[in-house]
**Q** 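Quick one: structure below, then a few questions.
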Amino acid sequence: MREGLRAQLWPLPTLGVALAIVAGVGLPVLDGRTQHDIPSWLRAYLFGGSPDAARSVLAAIAGSMVTVTALTFSLTVLTLQLASSQFSPRLLRTFTADRYVQATLALFLATFTFALTVLRTVRTGDDGQTGFVPQTSVTVAFVLTLASVLALVLFLSHLAREIRIETMMSSVHSAADRTIHRLLAEEPDRTGEVSTEGTSAVSPSVPPADALTLTVGASGFLTSVDEAAVLKAAVEADALVHIDRHPGSSLIADTPVGAAWPRAGKPFTPGTRVRLAEEVSQAVRTGAERTDLQDVAFGLRQLTDIAAKALSPGINDPTTAVHALSHSSALLCGLARRDLGPRLLRDEHEQIRVVLRRPDLQHLLDLVVDQPLRYGAAEPAVLARIGMLLRELAWCTESTRHPPIAAALVRLRSTIDAQDFHTSERLRLTELAGHVDEALAGRWAQARRP
């Protein structure tokens, strides 16, 4: 729920409107009770006009804030449309989750609501009523208006910066890096022991042929797995649970996502089978779109989308594709230093109860390389950056993780050979491919891996 609300535009503005209503009702009441107790030095800074002047000021504030809010919404929608059509639809979460945009909209709507709410308390003294001007409330409305004007200027500056593709890719990179550090432990040593973080480099048990098939009740993207709920269900059923789909996968209702089988070999009772299947199905949560809650590959997916869109004939911007590959290379090198093995959950006796699949280096590298290699096959700059990516990744990884890099290098060489490049370009790309071989062997020009 927290992740879903974070990526919505409405929660913070709605909260601002609610607080403005409360303040617009309560502050005039406080004005009426304390207006004779305000010190003279403070009264000089408060609104000192007549009821008609107060009404004019509040009406002007309310009317202008409606216009400014409409402009802000229009600019926001235009930015979302631009990001979706020119870069990637999966970048929309980055914009809607922008706290600056949400706070600006909240301030504008709160100022409008507060001015309109205070306006109803101003009395002119006609029809036998006692005239009343909530001086403090009108002054607060004026201050909120000044703050809104400043926020509008800053919002336009912020928006101009946010729609730049370099800023978008940096934002995606930062979000993906936070997800990686939050979800993945540092790479453990290669002794075969299970780390204290609940992960391991060893292969988990393979489900038997008669294992209980686990499914999900709703179609969508796997957004998260409630680890505590799955572990509790496995312990209660004395079972081993294997979830074979990782966050970010597309799931179809009532299709298998994993398996469970008795830990001690004793068959499940019918009640246990039904209860275990239902509890695991509820713990495997799906959504209409991918999120970075538990999906370590989501940032790479966004960057690859940007690269693929930049290489489309309608845009033809290989420089953006090269920059996207640079960000992907940095993320892959960071992932290479992390434990990409399956996530293992243990019971109180340190026995493995749940195995959660996570994307391995092969999956992540294919995600980054395949589409740019296909769509940028005729662009030497893109092929050169892919070669440099493989070289950088080879330098940052242990030799046990080199096979996916070597396989990608074979595809790169095949793509280079299939193109009709100029001799100098082909020579440069061939030389770069040779540098990848050297990096796989632990050499970088004259340097050698320590």
Side-chain angles (χ1 to χ4, degrees), residues 1 3-4 183-185 188 192-298 339-364:
M1 182 180 298
E3 175 64 21
L183 295 178
L184 300 180
E193 297 181 356
V194 178
S195 71
T196 58
E197 298 294 332
T199 59
S200 175
V202 298
S203 300
S205 301
V206 177
D210 59 346
L212 170 65
T213 300
L214 302 174
T215 63
V216 291
S219 301
F221 292 100
L222 200 168
T223 56
S224 64
V225 177
D226 188 339
E227 297 182 356
V230 175
L231 180 60
K232 180 174 179 292
V235 171
E236 290 178 350
D238 194 20
L240 291 172
V241 175
H242 189 285
I243 304 297
D244 195 41
R245 307 296 293 276
H246 55 75
S249 302
S250 177
L251 305 182
I252 305 299
D254 300 324
T255 59
V257 296
W261 62 98
R263 188 176 65 89
K266 185 178 180 181
F268 293 133
T269 64
T272 300
R273 292 175 64 90
V274 172
R275 184 171 60 254
L276 178 59
E278 289 180 350
E279 291 177 351
V280 172
S281 177
Q282 293 174 1
V284 178
R285 296 164 180 166
T286 59
E289 60 180 345
R290 294 176 66 171
T291 72
D292 58 2
L293 182 61
Q294 292 184 1
D295 188 355
V296 296
F298 184 51
D339 181 8
L340 297 176
R343 167 83 169 157
L344 307 181
L345 306 182
R346 302 167 175 274
D347 60 18
E348 59 183 3
H349 302 295
E350 294 300 315
Q351 298 296 317
I352 297 175
R353 292 289 192 165
V354 179
V355 179
L356 302 176
R357 183 184 174 189
R358 294 191 298 204
D360 55 16
L361 187 60
Q362 176 76 64
H363 173 88
L364 298 172

**Q** Return the CZ to OG1 distance between F298 and T291, rounded to the nearest 0.5 Å.
**A** 7.0 Å
**Q** Considering residues at least two apart in sequence or located in another chain, which fulfil the side chain to side chain donor-acceptor pair (under 3.5 Å) criterion with D347?
**A** R353
**Q** How long is the straight-line distance from CD of E278 back to CG of L214, given to the nearest 0.5 Å?
**A** 12.0 Å
**Q** Taking only residues two or more places apart in sequence, or in another chain, which ones meet E289 in a side chain to side chain donor-acceptor pair (under 3.5 Å)?
**A** R93
**Q** Is the side chain of R357 donor-acceptor paired with the backbone N or O of I243 at a distance under 3.5 Å, no angle test?
**A** no
**Q** To the closest 0.5 Å, what do you measure between NE2 (H242) and CG (L344)?
**A** 9.0 Å
**Q** Please examine the side chains of V257 and L222, heavy atoms only from C-beta on, and report whether any two atoms are closer than 4.5 Å.
**A** no
**Q** Taking all non-hydrogen atoms of both residues, which atom of I252 and which atom of V216 are closest, and how far apart?
**A** O-CG2, 3.8 Å
**Q** Do R263 side-chain atoms and A234 backbone N/O form a donor-acceptor pair below 3.5 Å?
**A** no
**Q** Check A297 against L364 and note the closest heavy-atom contact, atom names and distance.
**A** CB-CD2, 3.7 Å
**Q** Does R285 form a side chain to side chain contact (heavy atoms under 4.5 Å, CB included) with D226? I'd like the steps, not just the answer.
**A** CA-CA 8 Å; R285 296 164 180 166; D226 188 339; 3.0 Å; yes
**Q** Looking at every heavy atom in both V230 and A283, which two are closest together, and how far apart are they?
**A** CG2-CB, 3.4 Å
**Q** Could you tell me the separation between the CD1 atom of I352 and the CG atom of L231, rounded to the nearest 0.5 Å?
**A** 11.5 Å
**Q** Is any side-chain heavy atom of L183 closer than 4.5 Å to one of R343?
**A** no
**Q** Using side chain to side chain contact (heavy atoms under 4.5 Å, CB included), reason through L340 and L184 one step at a time and then give a plain yes or no.
**A** CA-CA 7 Å; L340 297 176; L184 300 180; 3.7 Å; yes
**Q** How many angstroms lie between atom NE2 of H246 and atom CG of D295, to the nearest 0.5 angstrom?
**A** 8.0 Å
**Q** Flag the pair V354 / E227 as yes when at least one side-chain heavy-atom distance between them is below 4.5 Å, and no otherwise.
**A** no
**Q** How long is the gap from OG1 on T272 to NZ on K266, to the nearest 0.5 Å?
**A** 9.5 Å
**Q** Can you give me the closest heavy-atom contact between G217 and A253, atom names plus distance?
**A** O-CB, 3.7 Å
**Q** With sequence neighbours left out, write down each residue that passes side chain to side chain donor-acceptor pair (under 3.5 Å) with Q282, or none if nothing qualifies.
**A** none
**Q** Begin with the C-alpha distance, continue with both residues' side-chain angles, and end with the deciding distance and a verdict on side chain to side chain contact (heavy atoms under 4.5 Å, CB included) for L293 and T223.
**A** CA-CA 7 Å; L293 182 61; T223 56; 5.7 Å; no
**Q** If every non-hydrogen atom of P359 is compared with every non-hydrogen atom of V296, which pair is closest and at what distance?
**A** CG-CG2, 3.7 Å
**Q** Which atoms form the tightest heavy-atom contact between P262 and F268, and what is the distance?
**A** N-CZ, 3.4 Å
**Q** State, yes or no, whether a side-chain contact exists between V280 and L276 at a heavy-atom distance under 4.5 Å.
**A** yes
